[in-house]
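Since the structure comes first, as structure tokens, the remarks are kept for the end.
Note: hydrogens, waters and symmetry copies are ignored here, and every other heavy atom, side chains too, is used. Residue numbers run from 1 in the order of the sequence given.
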Amino acid sequence: MKRDPECPGRPELPPPSPISSSSSSSSSPLGEEAEGGELPPVWIFGYGSLVWRPGFEFTSRKVGFIRGYSRRFWQGDTFHRGSERMPGRVVTLLEDCGACTWGVAYEVRGEQIAASLQYLNMREAVLGGYDTKLVKFHPQDKDTEEPILALVYIATPQNPSYLGPASEEDIAAQIIVSSGCAGHNIEYLLRLADFMRYFCPQAEDKHLFSIEEALTSILPCLYYTEESLEETASVPQKSKG
């Protein structure tokens, strides 16, 4: 039984440590007992902060992707990475038949199932505005030939925190000034970009990396402006006479 580290220094995957859902498959891993009365394992796919901070105990994890979705910073966050006054921007999934989204799938078994789903229902659904869906997860490793049915949380345009599309520059500018109880919105963006860079180097995510690029181009300007203001404030003003 494993649990994720509280706050890893660099992007590092954790060591191999009733919910209603709309299904994209005819079979469901939830609520069906295996032989002997034991629930079969449940897989949970994460594509945002879950890739580095699942927050629940799990049995194993796999890096991989799901097809038919693009990751977008279109969901507002007034709790984890923002506030009511200055909402942050976090990711959700947009249906896109030609795309795929990379992330991490966590396997939970036995008592881990109820505990993880209860935790995620509060973290993602109640506080985040996300709904659940079942998707086919394709592991990065070649050991598994068949895709794995996994639970995923998706924020739809119908939820009150949904912000929708904006330019990469506008999203970066909003991220720079937003912070919530889980930390600064900048950390969220950079950790997600680092995950893709280190664990999925072969994959492309133009939306994510364009926002990261826009953010890094804005930050020096902000630093220069603040430094100039401090220097101006320290210069003695000539008295008018």
Side-chain angles (χ1 to χ4, degrees), residues 2-8 10-17 19 21 24 29-30 41-75 77 79-81 88-94 99-109 112-141 144 147-156 180 182-183 185 187-200 203 205 207-208:
K2 285 100 177 178
R3 191 178 182 87
D4 67 299
E6 286 301 317
C7 186
R10 56 154 290 187
E12 184 173 316
L13 285 181
S17 170
I19 291 182
S21 60
S24 59
L30 302 177
V42 171
W43 287 84
I44 301 165
F45 178 69
Y47 56 93
S49 60
L50 287 181
V51 303
W52 70 83
R53 188 176 65 86
F56 54 85
E57 293 180 344
F58 58 93
T59 300
S60 66
R61 55 93 179 141
K62 293 178 180 288
V63 175
F65 63 91
I66 61 173
R67 299 186 189 277
Y69 292 93
S70 294
R71 176 170 33 218
R72 292 290 183 269
F73 275 81
W74 288 3
Q75 173 68 357
D77 188 339
F79 184 80
H80 298 291
R81 300 289 177 172
R89 284 259 185 178
V90 292
V91 292
T92 184
L93 294 178
L94 174 70
C100 67
T101 295
W102 285 79
V104 179
Y106 297 93
E107 179 191 19
V108 290
R109 291 177 173 269
Q112 295 175 344
I113 297 175
S116 61
L117 295 182
Q118 182 179 13
Y119 167 76
L120 288 172
N121 184 55
M122 175 59 68
R123 171 174 164 175
E124 304 294 335
V126 177
L127 297 176
Y130 288 71
D131 293 328
T132 54
K133 195 168 186 177
L134 292 170
V135 294
K136 291 181 179 179
F137 170 74
H138 302 263
Q140 185 181 50
D141 60 59
T144 308
I148 300 169
L149 200 61
L151 183 71
V152 67
Y153 289 81
I154 300 176
T156 65
N185 209 175
E187 178 198 27
Y188 179 96
L189 169 65
L190 297 183
R191 279 184 179 270
L192 188 53
D194 282 346
F195 163 77
M196 289 295 295
R197 196 171 284 114
Y198 287 113
F199 295 102
C200 321
D205 195 324
H207 177 75
L208 170 63

So, Lys62 and Glu107, do they make that salt bridge, N to O below 4.0 Å?
no

Rounded at 0.5 Å granularity, tell me how far CG in Leu208 sits from CG in Leu192.
5.0 Å

Do Gln140 and Phe65 touch side chain to side chain, with heavy atoms closer than 4.5 Å?
no

Heavy-atom closest pair (Tyr119 atom, Pro54 atom, distance to 0.1 Å) is CE2-O, 3.2 Å

So do the side chains of Lys133 and Tyr69 get within less than 4.5 Å of each other, counting heavy atoms only?
yes

Please report the interatomic distance CG(Asp131) to OH(Tyr153), rounded to the nearest 0.5 Å.
10.5 Å

Testing the basics here: between Arg61 and Val104, what is the closest heavy-atom pair and its distance to 0.1 Å?
CB-CG1, 4.0 Å

Between Ile44 and Leu117, the two heavy atoms sitting closest are CD1-CD2, 4.2 Å

Taking the side chain as C-beta and beyond, is there a heavy-atom pair between Phe45 and Ile66 under 4.5 Å?
yes

Return the OG to CZ distance between Ser49 and Arg81, rounded to the nearest 0.5 Å.
6.5 Å

Can you list the steps and then say if Thr156 with Thr92 is a side chain to side chain contact (heavy atoms under 4.5 Å, CB included)?
CA-CA 8 Å; Thr156 65; Thr92 184; over 6 Å; no

Distance flag, aromatic centroids of Trp52 and Tyr188, threshold under 6.0 Å:
yes

Check: His207 side chain, Phe73 main-chain N or O, donor-acceptor pair, under 3.5 Å
yes

Does the side chain of Val108 reach to within under 4.5 Å of the side chain of Thr59, using non-hydrogen atoms?
no

Side chains of Val63 and Cys200: does their closest heavy-atom pair fall under 4.5 Å?
yes

Salt-bridge criterion met for Asp205 and Arg71 (N-O under 4.0 Å):
yes

First locate atom CZ of Phe79, then atom CZ of Arg123, and finally report the distance between them rounded to the nearest 0.5 Å.
11.0 Å

Rounded to the nearest 0.5 Å, the CG atom of Leu50 sits from the CZ atom of Phe195 at a distance of 11.0 Å

Carefully, step by step, assess Arg67 and Lys136 under the rule side chain to side chain contact (heavy atoms under 4.5 Å, CB included).
CA-CA 8 Å; Arg67 299 186 189 277; Lys136 291 181 179 179; over 6 Å; no

Distance, nearest 0.5 Å, that separates OH of Tyr106 from CZ of Phe58
6.0 Å

Salt bridge between Asp194 and Arg197, side-chain N to carboxylate O under 4.0 Å?
yes

Shortest non-hydrogen contact from Val51 to Gly46?
CG1-O, 3.4 Å

May I ask you to decide if Asn121's main-chain N or O and Glu124's side chain share a donor-acceptor pair within less than 3.5 Å?
no

Go through the side-chain N and O atoms of Glu57 and Ser116 and say whether any donor and acceptor fall under 3.5 Å apart.
no

Heavy-atom distance under 4.5 Å between the side chains of Ser60 and Trp43, does that happen here?
yes

Heavy-atom side-chain contact between Thr132 and Ile154 under 4.5 Å
no

Holding to ring-ring contact (aromatic ring centres under 6.0 Å, His included), I want the full list of residues that pass it with Tyr47, two or more places apart in sequence or in another chain.
none

Would you say Val90 and Tyr130 make side-chain contact, with heavy atoms under 4.5 Å?
yes

Begin with the C-alpha distance, continue with both residues' side-chain angles, and end with the deciding distance and a verdict on side chain to side chain contact (heavy atoms under 4.5 Å, CB included) for Val91 and Arg72.
CA-CA 5 Å; Val91 292; Arg72 292 290 183 269; over 6 Å; no

